[in-house]
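Mind having a look at this structure? Questions to follow.
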Amino acid sequence: MASLPWTQQLTDNLADRKAAGRYRQQRTRLGEQGVNVVIDGQKCLSFCSNDYLGLASHPALKKAFIDAVEDEGVGAGAAHLLTGHSHYHQQLEEALADFTGQQRTVLFSSGYQANMGVIDGLMTRGDVIIQDKLNHASLLDGGRLSSAEQYRYRHVDMAGLEKRLQQSEQTNHRLIISDGVFSMDGDIAPLPDILTLAKQHDAAVLIDDAHGFGILGEHGRGSVEYWNISQDESPIVMGTFGKAFGTAGAFVAADDEVIETLIQQARTYVYTTAQPAAIAAATLASLKLVEQESWRREKLQSLISRFKTGATQLGLNVMDSSTAIQPVLIGDDQQAIKIGKALEEKGILVGVIRPPTVPEGSARLRITFSANHSEQDVTQLLNALELAHAH
Ligand SMILES: *Cc1c(COP(=O)(O)O)cnc(C)c1O
């Protein structure tokens with residue numbers, strides 16, 4: 001094949017990236033996702049999946065998935081608005097409406113698509129979108145797709161949000177968007193304050209609860225339950241299944257007219273193949289476990305507390321997070337890489353997160369916990385962090 005006319009430029013860019021310590025590589029996992037994984041042939045104790053409740057390989061999910069494949073085959077074969085929408089998808093949408101206490105929900109094939117779809121589906125030229133600066137990339141991209149005007153405010157800075165609302169007072173359609181739990185920092189957005197400001201300024205609110213759904217609140221209903229928000233005050237909520245739910249895909253929950261609008265005009269909904277029905281069947285099984293077995297959330301909390309106490313004693317620069325995402329701030333990119341490597345040599349895998357995923361100078365270890373970790377796993381991690389000079 002003929003090479004691209006700008007191949008040399010690509011090669012140079014890649015070399016620059018490598019030199020800057022920002023080169024990322026795929027690694028190959030063998031076997032199930034879990035706490036003990038085999039990555040590139042090496043057995044590791046993993047603290048870098050988002051399978052927070054340890055459901056990705058749960059027997060009930062496997063069985064539901066396999067049974068549904070027997071019934072329905074594998075591929076959905078078409079978009080939801082053609083023949084791709086199976087009775088499993090329908091059941092899941094209804095169960096999620098019950099679970100979230102919202103009027104209606106709609107499924108998307110991934111969280112990325114859900115965010116792109118909900119923003120693009122509701123907002124257009126002349127409208128205003130106001131986002132927390134640390135929102136997930138898919139939310140920022142959704143803003144771009146929509147061609148609405150974009151404003152940002154400093155991370156969880158409510159005075160900053162208010163200022164943006166004042167600056168855009170002449171605009172009718174305004175949407176405030178925030179992660180419920182921030183994916184790289186693990187902190188929880190001040191949802192009641194956001195909702196109060198939204199009400200005062202007549203703006204709508206969208207919460208991306210990818211890391212809150214299944215985790216926060218007594219029943220795992222997410223940010224809305226955690227903050228005790230009443231049903232009629234609830235924001236539009238996006239939740240994903242690829243994290244705590246252990247499957248794949250996402251949904252948006254809101255009032256009927258919002259959901260109907262998305263079904264009609266969200267491009268990432270209309271123009272894509274539905275997820276396999278078996279994924280919806282497995283997600284139904286996981287919804288049951290999330291709802292009925294709160295012990296996983298309780299165990300996760302106790303592991304998190306144990307880690308925080310130990311890490312503080314070691315003098316690690318732990319960030320202000322009470323969720324399953326426990327970042328240890330390192331700062332320098334190369335230093336973060338070095339510590340990540342040292343941990344790996346001890347068979348421990350953590351996320352090494354560098355810019356542009358996080359702001360310059362805030363490279364960090366992103367440590368995530370799962371209900372399947374043991375107390376001994378946490379001790380092993382702390383010992384390794386101490387030896388790796390992560391402080
Ligand atoms: C993972 C994530 C997404 C994207 O969800 P996928 O289903 O993985 O595409 C969106 N928002 C946040 C905050 C996330 O962490």
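Atoms within each ligand, like the ligands themselves, are counted from 1 in listed order. Note that the structure is a prediction, hence the values are computed from the model and not measured.
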Run the side-chain hydrogen bond (donor to acceptor under 3.5 Å, both in side chains) check on Asn115 and Asp141 step by step: do they pass?
-> CA-CA 8 Å; Asn115 280 339; Asp141 291 356; over 6 Å; no
Ligand 1 versus Asn115: contacting region, heavy-atom distance under 4.0 Å =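 It is the side chain that touches ligand 1; the backbone stays farther off.
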Residue Tyr112 vicinity, atoms of ligand 1 by number, heavy atom under 4.0 Å |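 Contacts of ligand 1 toward Tyr112, numbered from 1: 4 (C), 5 (O), 6 (P), 9 (O).
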Would you check whether Ser138 reaches within less than 4.0 Å of ligand 1, judged by its heavy atoms?
->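 Yes, Ser138 has heavy atoms under 4.0 Å from ligand 1.
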Sub-6.0 Å ring centroid separation between His155 and Phe182 =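 Yes.
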Is it the side chain (CB and beyond), the backbone, both or neither of Ser110 that lies under 4.0 Å from ligand 1, heavy atoms counted?
->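 Both the backbone and the side chain of Ser110 come within reach of ligand 1.
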Please identify which atoms of ligand 1 are closer than 4.0 Å to at least one heavy atom of Thr240.
->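 Contacts of ligand 1 toward Thr240, numbered from 1: 5 (O).
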Tell me: protein heavy atom nearest atom 7 (O) of ligand 1, and distance?
->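 For this ligand atom, the closest protein heavy atom is Gly111 N, 2.7 Å.
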Ala210 neighbourhood, listing ligand 1 atoms whose heavy-atom distance to it stays under 4.0 Å =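 Close to Ala210: 2 (C), 11 (N), 12 (C), 13 (C), 14 (C), 15 (O).
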Polar-atom distance check: Ser183 versus ligand 1, any N or O pair below 3.5 Å?
->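 No, Ser183 has no N/O under 3.5 Å of an N/O on ligand 1.
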Is it true that Tyr88 and Phe65 have ring centroids separated by less than 6.0 Å?
->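 No, too far apart.
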Under a 4.5 Å cut-off applied to non-hydrogen side-chain atoms, are Leu349 and Glu344 in contact?
->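 Leu349 vs Glu344: side chains touch.
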Lys243-ligand 1 polar pair, N/O distance under 3.5 Å |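 The answer is yes, given that Lys243 and ligand 1 share an N or O pair closer than 3.5 Å.
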Short list, please: which atoms of ligand 1 are under 4.0 Å from a heavy atom of Asp208?
->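 Heavy-atom distances to Asp208 below 4.0 Å select 10 (C), 11 (N), 12 (C), 13 (C).
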Pick one of side chain, backbone, both or neither for how Gln113 approaches ligand 1, counting any non-hydrogen atom pair under 4.0 Å.
->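 Under 4.0 Å from ligand 1, Gln113 contributes no heavy atoms.
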Hey, do the aromatic rings of Phe369 and Tyr52 have their centres closer than 6.0 Å?
->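 They do not qualify: ring centres at least 6.0 Å apart.
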When you check the gap from the basic side-chain N to the acidic O, do Arg104 and Asp256 get nearer than 4.0 Å?
->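 Answer for the salt bridge query: yes.
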Could you go through the side-chain contact (heavy atoms from CB on, under 4.5 Å) check for Thr261 and Leu122 one step at a time?
-> CA-CA 7 Å; Thr261 301; Leu122 295 177; 4.2 Å; yes
Aromatic ring centroids of Phe99 and Phe213 under 6.0 Å?
->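 Close enough - the centres of the two rings lie under 6.0 Å apart.
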Contacting atoms of ligand 1, where contact means under 4.0 angstrom from a heavy atom of His211 |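 Near His211, meaning under 4.0 Å from one of its heavy atoms, ligand 1 has 13 (C), 14 (C), 15 (O).
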